[in-house]
Every structure is written in C-alpha cells, then in structure tokens.
Amino acid sequence: MKYFYLLLSTVLFISCGEKKPEKTETLEEKAQRIHDSVITIDTHDDINVQNFTDSINYTQNLDTQVNLPKMNEGGLDVAWFIVYTGQDTLTAEGYAKASENAISKFEAIHKLCEEIAPDQIELALTSEDVKRIVAAGKKVAMIGVENAYPIGEDLSKIEEYQKRGARYMSLAHNGHSQLSDSNTGEGDSIWLHNGLSELGKKAVAEMNRVGMMIDVSHPSKEAMKQMIELTKAPIIASHSSARALCDHSRNLDDEQLMMMKENGGVVQTVAFSSYLNTEKNDARSAYMTEIYKKVADSLGVAWYERSQFSTLTDEQREEFFANYRKIRSLGEEMAETDPNVPPAVNVSDFVDHIDYMVKLIGIDHVGISSDFDGGGGIEGWSDASETFNVTLELVKRGYTEEEIAKLWGENLLRVLDEVQAVAESMD
C-alpha cells in the first residue's frame with residue numbers, strides 16, 4: 001500500500017508539473033485592449049473646406065493628419081472639427097467676410113456626415129450621441145468654433161452656431177477680438193479690453209443659455225478669470241498644456257489650472273511641440289526650417305513660419321496649407337538620413353504634461369487634444385493613425401483603464417453634460 005501511495009503522489013506531481021502556465025498579457029496587449037475599449041476623443045482638428053468635396057474628402061487617405069482611414073487605423077473615435085477664422089479688423093466688412101468663412105466650414109462638416117459618408121461618420125450633439133454612434137461602429141464628428149470673431153456684434157449668432165452643431169467656442173484667437181483679449185497681448189502688453197469687453201461678458205451668458213462650452217485656450221489670462229467669474233457652467237481649454245513645463249502664453253499656469261479645477265472644467269493637453277518642450281522644439285525647428293525651405297524651393301512654393309501667418313493673404317495661406325503636409329513629409333524623410341538631427345518633441349514629452357496636470361488638479365480635469373492640421377503633431381503621434389501610441393505611453397506610466405478612459409474622453413463629456421444641464425435649467 002505504501003508503494004501505491006508513493007506511485008500516486010508521483011503521478012500527481014508529474015501531472016501538476018505539466019500544467020501549462022497562464023499566458024501573461026504583455027504591456028502592448030494591455031494597452032491595445034484598453035485603447036479598443038475606451039472612447040478616444042481629440043478635441044481639436046482643423047479643416048480645409050477643399051477636403052470636403054464630392055471628389056476630394058475624408059473617406060480617402062488624404063495628405064491630412066485626420067481623415068477616416070487614419071482614424072480607423074489609429075483607433076480614434078471622435079474628432080472635433082474646427083470652425084476656425086483668423087483675426088481681422090473689427091469692422092462690419094471684416095465680420096461679414098469672417099461669417100462667410102465660418103458658415104462654409106459648418107456646411108463642409110455637415111456635408112461629410114450627411115452626404116459624403118453617413119455610413120462611416122455621424123455628427124454628435126450630446127454625450128449620448130457619442131456613445132450611440134461609437135456603439136454602432138461609426139466615427140464621430142463634433143464641432144468647435146475657434147474664434148468668435150465671425151459673430152460680429154450679433155449675439156444671436158451664438159444660438160445659430162449652436163443649432164448648426166457647435167458645442168464649444170473661444171472668444172478670441174491670435175489677436176484681440178471684439179469680445180475678448182487674446183493671449184498674444186503678452187507679447188507687447190497692449191490690451192484692448194483688459195479682459196472681456198461688455199459684449200464679451202454678454203456672450204458668456206448667452207453661451208451658458210444655449211449650452212455651448214466656453215473655450216479658454218486662446219483668450220488672455222485676465223479674460224479667462226472674468227469668464228470663470230461670470231459663467232454658471234464649467235469651461236474647457238480645448239488645446240492647451242502646462243505653463244510650468246513650457247513657458248508659452250498659450251499654456252495655462254498653475255493659478256489658471258487651479259481655477260479650472262475649482263470651476264469643474266477640463267484642460268485638453270495639446271500635442272503641439274512648441275507648447276510642450278521649448279528647448280527641444282527650438283533646436284529641432286531651426287534645423288527643420290532649413291530643410292523645409294529647401295524642399296519648398298525645389299517645389300517652387302513658399303514656406304512660412306508660424307509667426308508670419310497673420311501677415312499672409314488668404315491666397316498665400318491657402319497655398320501654404322495645400323503644400324504643408326507634403327513639404328513636411330519630404331523634409332522629415334530627409335532628416336531621417338542625418339545622424340545629427342536634433343531629437344523631436346515626442347509622446348513622452350506630451351504625457352509629461354498630462355502627468356503634471358493630473359498631479360496638480362486631479363485626473364477628472366485633464367484630457368487630450370492634437371491640433372492636427374493646424375500645426376499640431378509630435379513624434380509618435382504625428383497623425384490620427386498613431387493615436388494608439390498615446391494610450392501605450394499612459395499604460396507604461398501606470399495609468400489604469402478607468403483613468404485612461406477619463407483622459408481620453410469621459411472628462412470632456414462630463415463637462416458637456418453639465419454645460420447642457422445648466423442651459424436646460426435656464427429655460
């Protein structure tokens with residue numbers, strides 16, 4: 001009997017030893033699982049109406065940073081397409097021209113969703129729309145207005161824009177508007193309103209009334225303070241990073257970040273190299289500018305620095321952006337062959353800003369944006385097809401699935417819900 005038990009224990013030992021260990025999920029597999037399960041929202045993607053025609057549109061893998069093939073490849077669920085208008089004279093003529101520009105962009109976005117590719121992408125107006133459209137397997141378009149300059153002095157256009165689908169708007173861009181001072185006033189210390197104009201203060205109330213989120217990414221710090229004092233709803237910074245890490249007037253300093261937390265708002269960290277790491281960006285930019293100029297010269301077109309944009313004619317700006325991606329792509333190919341090229345600002349630098357803001361104001365007040373097709377894009381997240389790399393970096397740094405879901409979209413949708421609830425309570 002003793003030998004029987006000895007034999008039995010030997011057999012059990014061998015059989016237990018042969019049991020295959022459970023397969024451990026790799027970091028990349030974990031990141032991909034999380035990326036596939038959360039709703040990924042990018043709150044700032046510029047557009048060119050020429051890419052919203054029957055023959056040239058976002059169903060094609062255009063030479064743009066955002067389009068449907070790139071969104072599908074990178075797993076980007078929601079793109080906020082931007083109705084952007086540059087700052088011009090504060091005159092009736094200027095307002096009229098700007099209004100035409102804004103309406104053309106609204107119409108282009110609607111055409112994509114309603115005529116060109118309704119089977120692939122749908123316009124969302126609420127958080128419930130977002131969830132429903134994603135669940136149906138389609139991409140989501142949302143609309144933000146960058147610069148309220150096109151409304152002129154007619155505040156009824158705020159409600160018109162809301163009815164056209166706009167769910168956030170900034171009261172200024174690069175240059176003081178009729179409504180608000182811009183962050184650009186820091187350059188010369190010349191201010192038009194010392195914050196908001198009287199019309200701008202009324203615009204805040206009207207945006208609250210119609211349920212449109214107030215975007216503070218471009219207005220001045222004083223204007224932002226006044227908006228927070230006046231608003232009855234949370235606000236957003238649709239594409240800004242942390243000024244403590246990168247001293248640029250487009251970023252928010254610690255005082256502003258704390259104001260955003262107290263207001264219940266959200267700061268959408270932006271993947272814009274010069275707003276993330278000044279030293280790396282300046283060294284790389286100086287090198288790449290020479291490369292881009294050479295490429296542009298070879299193509300027989302002009303290359304402009306961002307600081308020159310405000311001086312360009314509409315035709316010059318149009319030509320520049322028509323060739324922008326091609327020149328950058330060719331320039332980057334040339335740079336890859338040079339072992340001495342300065343390092344580019346990358347996804348790690350981007351997530352450094354997320355880390356900083358999460359530590360300072362909490363996970364519930366931080367989000368993600370790119371500013372694609374408007375100057376944004378960094379190494380590792382150069383277009384929508386590389387969106388997964390952001391999630392991968394967050395996983396590497398120990399963020400949980402719940403936290404990543406908040407960063408990628410839940411925080412933004414919470415603010416949208418609260419803004420719309422305030423509007424309903426004001427009816």
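The basis for the numbers below is simple: all heavy atoms, side chains too, and nothing from hydrogens, waters or symmetry mates.
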Going by heavy atoms in the side chains, are [X] and [Y] under 4.5 Å from each other?
{"X": "E333", "Y": "S329", "value": "yes"}
{"X": "V390", "Y": "W408", "value": "yes"}
{"X": "M71", "Y": "T387", "value": "no"}
{"X": "H110", "Y": "E115", "value": "no"}
{"X": "L76", "Y": "V78", "value": "no"}
{"X": "D45", "Y": "D373", "value": "no"}
{"X": "E318", "Y": "Q50", "value": "yes"}
{"X": "Q226", "Y": "K201", "value": "yes"}

Between [X] and [Y] (salt bridge meaning N to carboxylate O under 4.0 Å), is one present in this structure?
{"X": "E160", "Y": "R164", "result": "yes"}
{"X": "K97", "Y": "D88", "result": "no"}
{"X": "E186", "Y": "K221", "result": "no"}
{"X": "R317", "Y": "D314", "result": "no"}
{"X": "K294", "Y": "E290", "result": "no"}
{"X": "K131", "Y": "E128", "result": "yes"}
{"X": "D254", "Y": "R243", "result": "no"}
{"X": "R167", "Y": "D129", "result": "no"}
{"X": "R33", "Y": "E401", "result": "yes"}
{"X": "E386", "Y": "K70", "result": "no"}
{"X": "E418", "Y": "R414", "result": "yes"}
{"X": "E332", "Y": "R328", "result": "yes"}

Between [X] and [Y], does the ring centroid distance fall short of 6.0 Å?
{"X": "Y95", "Y": "Y149", "result": "yes"}
{"X": "H44", "Y": "F372", "result": "no"}
{"X": "Y58", "Y": "F81", "result": "yes"}

Could you check whether the rings of [X] and [Y] sit parallel, tilted or perpendicular, using 30° and 60° as the cut-offs?
{"X": "Y84", "Y": "H173", "value": "perpendicular"}
{"X": "F388", "Y": "H35", "value": "perpendicular"}
{"X": "F272", "Y": "Y275", "value": "parallel"}

About how many Å separate [atom2] of [Y] and [atom1] of [X], when rounded to the nearest 0.5 Å?
{"X": "I368", "Y": "T391", "atom1": "CD1", "atom2": "OG1", "value": "6.5 Å"}
{"X": "N51", "Y": "L62", "atom1": "CG", "atom2": "CG", "value": "5.0 Å"}
{"X": "D42", "Y": "M142", "atom1": "CG", "atom2": "CE", "value": "12.5 Å"}
{"X": "S217", "Y": "R250", "atom1": "OG", "atom2": "CZ", "value": "5.0 Å"}

For the side chain of [X] and the backbone of [Y], is there at least one donor-acceptor N/O pair under 3.5 Å apart?
{"X": "T311", "Y": "Q308", "result": "yes"}
{"X": "D349", "Y": "L276", "result": "no"}
{"X": "N346", "Y": "E379", "result": "no"}
{"X": "S241", "Y": "H353", "result": "no"}
{"X": "Q178", "Y": "G152", "result": "yes"}
{"X": "S298", "Y": "V295", "result": "yes"}

| said: Consider side chain to side chain donor-acceptor pair (under 3.5 Å). Of N57, D54, T53, which one does K111 pass it with? | reply: D54
So which atom in [X] and which in [Y] form the shortest heavy-atom distance, rounded to 0.1 Å?
{"X": "M213", "Y": "I236", "answer": "SD-CG2, 3.8 Å"}
{"X": "Q256", "Y": "N251", "answer": "OE1-O, 3.9 Å"}
{"X": "A172", "Y": "S180", "answer": "CB-O, 3.7 Å"}
{"X": "D338", "Y": "N340", "answer": "OD1-N, 2.8 Å"}
{"X": "P234", "Y": "G264", "answer": "CB-O, 3.7 Å"}
{"X": "I82", "Y": "I47", "answer": "O-CG1, 3.6 Å"}

| For E393 and S348, what are the C-alpha separation, side-chain angles and deciding distance, and is it a side chain to side chain contact (heavy atoms under 4.5 Å, CB included)? | CA-CA 7 Å; E393 183 66 22; S348 179; 4.1 Å; yes
| said: Under the criterion side chain to side chain contact (heavy atoms under 4.5 Å, CB included), I'd like the reasoning laid out for V267 against H365: C-alpha separation, chi angles, the key distance, then a yes or no. | reply: CA-CA 6 Å; V267 182; H365 304 285; 6.0 Å; no
| task | In sequence, state the C-alpha distance, the side-chain angles, and the governing distance for D364 and K406, and then conclude on salt bridge (charged side-chain N to carboxylate O under 4.0 Å, His left out). | result | CA-CA 7 Å; D364 294 329; K406 287 185 175 186; 2.7 Å; yes
| query | Within a radius of less than 6.0 Å around NZ of K138, do more than 12 heavy atoms belonging to other residues, nucleotides or ligands occur? | reply | yes
| field | Residue E25 excluded, over 12 heavy atoms near CD under 6.0 Å | value | yes
| request: Under the ring-ring contact (aromatic ring centres under 6.0 Å, His included) rule, what do Y304 and F309 come out as? Steps first, then yes or no, please. | output: CA-CA 7 Å; Y304 304 103; F309 285 2; 7.5 Å; no
| said: Let's go through Q87 and N147 carefully: what are the C-alpha distance in whole Å and the side-chain angles of both, what is the deciding distance for side-chain hydrogen bond (donor to acceptor under 3.5 Å, both in side chains) to 0.1 Å, and is it a yes or a no? | reply: CA-CA 8 Å; Q87 189 60 40; N147 200 4; 3.1 Å; yes
